[in-house]
2 protein chains.
Amino acid sequence: MTSQDQAKQVAPVGFDEEGGALQLGELSELLGYSLKRAQLKVFEDFLRCMAPLQLTPAQFSVLLLLDKNPGRNQTEIANTLGILRPNFVSLLDALESRDLLTRMRSPSDRRSHVLMLTDKGRATLARAKKLVATRHEARLIEVLGPAEHKALLGMMAKIAREF
Amino acid sequence: MTSQDQAKQVAPVGFDEEGGALQLGELSELLGYSLKRAQLKVFEDFLRCMAPLQLTPAQFSVLLLLDKNPGRNQTEIANTLGILRPNFVSLLDALESRDLLTRMRSPSDRRSHVLMLTDKGRATLARAKKLVATRHEARLIEVLGPAEHKALLGMMAKIAREF
DNA sequence: TATTGTTATACTCTATAACTATA
DNA sequence: TATAGTTATAGAGTATAACAATA
């Protein structure tokens, strides 16, 4: 089977750190690692702040994009958000069943569905934006400071664009 | 296939009518959104750079942590990495089957498995570290600049810690 | 023939309950 | 009784193929 007689450099006896906190070591210098953990924290906080409206980050991004770009079809919105078309269907089903948006067959190309926010969708988006600004982003700015928060936004955009 | 895939074509601005690029709007000010997209890019690049060794970010983090903290059990390592114990099992199975680490029953508490890198595990980790430094982090530093890269690390750690 | 929305499907991650063997 | 490792399982998120309607 597998090996059983190597690893003689560090004996299983003589633990000098029994029960103590582990050394992260080079892990804390690994940007991907910190980035992932920070991203999880930020999404957790987003969900907490958005709990009254029951919107996920992905759902919020769809409403935001639709408000700024009315009359687009599913493929255009999904592509812009990096969501694959098949996976976009159930996401839209959920929002449409909550009457936040509508799918309408395009008169010019009856294959495509034109997406538009409903009045309820616009109202919900307005409340959602307020929650994000006053609870979520406000807390981030409080932790980082306004200058670093802005710098961070720039760096994230740069990585997403140029990396 | 060239090195440049057309994941997202950026059309010239000013095309707000039919067929033009969509307006991201407030989406670009949403830190969680940029953070997520940046994190995906960084992990993609990590996998590309690490392709010769076939290590995922999670696997690399386990090797790194084990090297710095030999003789710990599965629960301690998993908790430190934010991995749930049940999900840690198959991750370890994969690394152990590649002879990169060993599980040994602890003599003091026969319930727990003491984890240690094998010689092959240490050698692989050394090669992995070199790939990360010379290919992955080097590219990040090239895009961001050394000062911003360092600042970014600090901010990510701060969010992961205080947020 | 090509494209839009869709279904089906599969694979990875993540999360919870419950089992076993030890303590 | 409680804990460490494990199994089973379920749910998200993500990926590809293929089909019907339409172009």
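Below, chains carry the letters A, B, ... as their sequence lines are ordered, and counting in each starts from 1.
- Across the protein-nucleic acid pair, Leu40(B) atom CG and dT12(C) atom P stand 17 Å apart, rounded to whole Å.
- In this structure, Gly121(B) and Thr118(B) approach most closely via the heavy-atom pair N-OG1, 2.9 Å.
- Residue Ser112(B) has no polar side-chain atom (N or O) positioned under 4.0 Å from OP1 or OP2 of dT3(D).
- Aromatic ring pairs are classed by plane angle as parallel below 30°, tilted from 30° to 60° and perpendicular above 60°; the pair His136(B) and Phe163(A) is perpendicular.
- For Asp67(A) and Arg122(A), the salt-bridge test fails: no basic side-chain N is under 4.0 Å from an acidic carboxylate O.
- At whole-Å resolution of the value, NE2 in His113(B) and P in dT20(C) are 16 Å apart.
- Among the candidates Arg111(A), His113(A), Arg105(A), the single residue satisfying the side chain to side chain donor-acceptor pair (under 3.5 Å) test with Asp109(A) is Arg111(A).
- Glu44(B) places its CD atom 12 Å from the P atom of dT14(D), with the value rounded to the nearest Å.
- For the pair Ala58(A) and Ser106(A), both in contact range of DNA chain D, the more 5′-proximal nearest nucleotide belongs to Ala58(A).
- Counting to the nearest Å, the C1' atom of dT6(D) and the CG atom of Asn73(B) are 14 Å from each other.
- Dashed line: the shortest gap from a side-chain N or O of Lys36(A) to OP1 or OP2 of dT14(C) is under 4.0 Å.
- Between the CZ atom of Phe43(A) and the C1' atom of dA15(C) there is a distance of 18 Å, rounded to whole Å.
- Mapping Asp109(A) and Arg105(B) onto DNA chain C via the closest heavy atom, the residue that lands nearer the 5' end is Asp109(A).
- Phosphate proximity of dT3(D) to Thr75(B): absent, as no side-chain N or O sits under 4.0 Å from OP1 or OP2.
- Between the CG atom of Leu47(A) and the P atom of dT14(C) there is a distance of 15 Å, rounded to whole Å.
- Each of dT22(C), dG5(C), dA23(D) was ranked by its minimum atom distance to the side chain of Arg111(A); first place goes to dA23(D).
- Pairing each heavy atom of Gly32(B) with each of Val42(A), the nearest pair is CA-CG1, 3.7 Å.
- Remark: P of dA4(D) and CE of Met104(B) are 18 Å apart, rounded to the nearest angstrom.
- Under the 3.5 Å distance criterion, with hydrogens and angles disregarded, no donor-acceptor pair is assigned to the side chains of Gln54(B) and Arg98(B).
- Residue Arg110(A) places at least one side-chain N or O closer than 4.0 Å to OP1 or OP2 of dT22(D).
- In this structure, Arg72(B) places its CZ atom 18 Å from C1' of dG5(D), rounding to the nearest Å.
- Taking the six-membered ring for Trp and the full ring otherwise, the centers of Phe60(B) and Tyr33(A) sit at least 6.0 Å from each other.
- Within residues 79-93 of chain B, the residues that place at least one heavy atom under 4.0 Å from DNA chain C are, in residue-number order, Leu84(B), Pro86(B), Asn87(B).
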